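As the structure is a prediction and not an experimental result, all values here were calculated from the model. Start at 1 and go down the list; that is how both ligands and their atoms are numbered. Just the heavy atoms: all of them, side chains too, but no hydrogens, waters or symmetry mates, feed the values below.
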Amino acid sequence: MDDTTLIDKARRLVANASRISAFTGAGISVDSGIPDFRSEGGLWERYDPHEFATYDSFLADPSKFWTMGQELAEVILKAEPNDAHLSLSRLEKAGKLVGIITQNIDNLHQTAGNTNVTEIHGNYLRAYCLDCREEYVGDAIHRRVVEGEIPPHCDKCGGILKSEAILFNEPLPQDAMEKAISLCKNTDLMLVIGTSLSVYPAAFLPQLAKNSGAKIILINLEGTNRDDVADIVLRGSASDLVPKIADF
Ligand code: NAD
Ligand code: ZN
């Protein structure tokens, strides 16, 4: 099937569905200027996430994580939602999109206007103190990090702060996973966008939606580990393809 036929087919699935969900990964935010783990010449070539962003390495040396966090904060703080995020927001306003499950920590779905966003890997805009558990919400901590406070310390007790973004080897937030699973069981069409589907258990969620009866449209720049789960695979950039299938 050529690309136009596939896009038409995907548009028809979107038009006929009434409980659409989206499952998104780093690829949806690449056109907003936030690199994914695979982009060449990007942040992650200098900071191997498996070295700089594991839970164990954070506990052993928080400065190492926050040195990477300083560059990441600079990138994330200036990022704006792109046409893919905005299209998903319009789909919610049209009453068709019931929720988004995201692996991203960048808050761009919320900035775009989506209201039901389940973050299974946390959010960089929240941090907490390892000692007294005081919570910090918003970008103030990251602005302090950008200005050189590495690692950032708690205003109350001086303890070290941890971002609420989930690190490798860190347990996933149980409440978010339960919400994600429930959405997968209650959707008739899932748009899987910008994820290599290589991180488990997140990569299992589209399969769960399919097993529960949903159609799956997969949009990604390149082949993923689980293209087989999709009814339609669209190859290309999210900011180009999502509006083509979801805007009416
Ligand atoms: P990934 O890096 O494993 O995969 C991203 C996929 O997106 C790749 O297959 C790539 O081909 C595709 N892609 C790149 N640009 C695209 C575009 N413009 N349009 C469509 N697809 C595009 O990312 P992942 O599967 O999401 O998982 C990696 C982990 O890293 C996740 O836990 C995620 O939380 C984290 N992460 C988050 C951000 C963010 O918050 N923006 C950025 C980097 C990594
Ligand atoms: Zn504290």
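The closest approach between a heavy atom of Gly236 and any atom of ligand 1 is below 4.0 Å. Using a 4.0 angstrom heavy-atom cutoff, Pro35 counts as in contact with ligand 1. For the pair Thr224 and ligand 1, no heavy-atom separation below 4.0 Å is found.
Between the side chain of Trp66 and the backbone N or O of Glu149 there is no donor-acceptor pair closer than 3.5 Å.
From the protein, the heavy atom lying nearest to atom 17 (C) of ligand 1 is Gly27 O, 3.3 Å. Of the protein's non-hydrogen atoms, Arg38 NH1, 3.0 Å is the one closest to atom 1 (P) of ligand 1. Among protein heavy atoms, the minimum distance from atom 37 (C) of ligand 1 is reached at Asn104 OD1, 3.8 Å. Nearest to atom 31 (C) of ligand 1 among the protein's heavy atoms is His121 ND1, 3.6 Å. When hydrogens are left out, the protein atom nearest atom 29 (C) of ligand 1 is Phe37 CE1, 3.5 Å; that is the closest non-hydrogen contact. In terms of protein heavy-atom proximity, atom 12 (C) of ligand 1 is nearest to Asn220 OD1, 3.3 Å. Looking at atom 4 (O) of ligand 1, its nearest protein heavy atom turns out to be Ser196 N, 3.4 Å. The protein non-hydrogen atom at the shortest distance from atom 25 (O) of ligand 1 is Thr195 OG1, 2.9 Å.
If you put the vertex on the Zn ion (ligand 2), SG of Cys157 and SG of Cys132 sit 110° apart, to the nearest 10°.
Remark: Glu80 CD is loosely packed, at most 12 non-hydrogen atoms of other residues, nucleotides or ligands lying under 6.0 Å away. More than 12 heavy atoms of other residues, nucleotides or ligands lie within 6.0 Å of NZ in Lys162, so this atom counts as buried by the packing criterion.
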- request: Apply the test side chain to side chain donor-acceptor pair (under 3.5 Å) to residues Lys93 and Ser89: give CA-CA distance (whole Å), side-chain angles for both, the deciding distance (0.1 Å), then the verdict.
  value: CA-CA 6 Å; Lys93 289 199 180 70; Ser89 170; 3.0 Å; yes
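Ligand 1 has no N or O atom lying under 3.5 Å from any N or O atom of Val199, backbone or side chain.
Here the closest heavy-atom approach between residue Ala10 and residue Ile245 is recorded as CB-CG2, 3.7 Å.
Annotation: cation-pi pair Arg11/Phe248 present, NZ/CZ under 6.0 Å from the ring centroid and within 45° of its normal.
For Ile105, heavy-atom contacts with ligand 1 shorter than 4.0 Å involve the backbone as well as the side chain.
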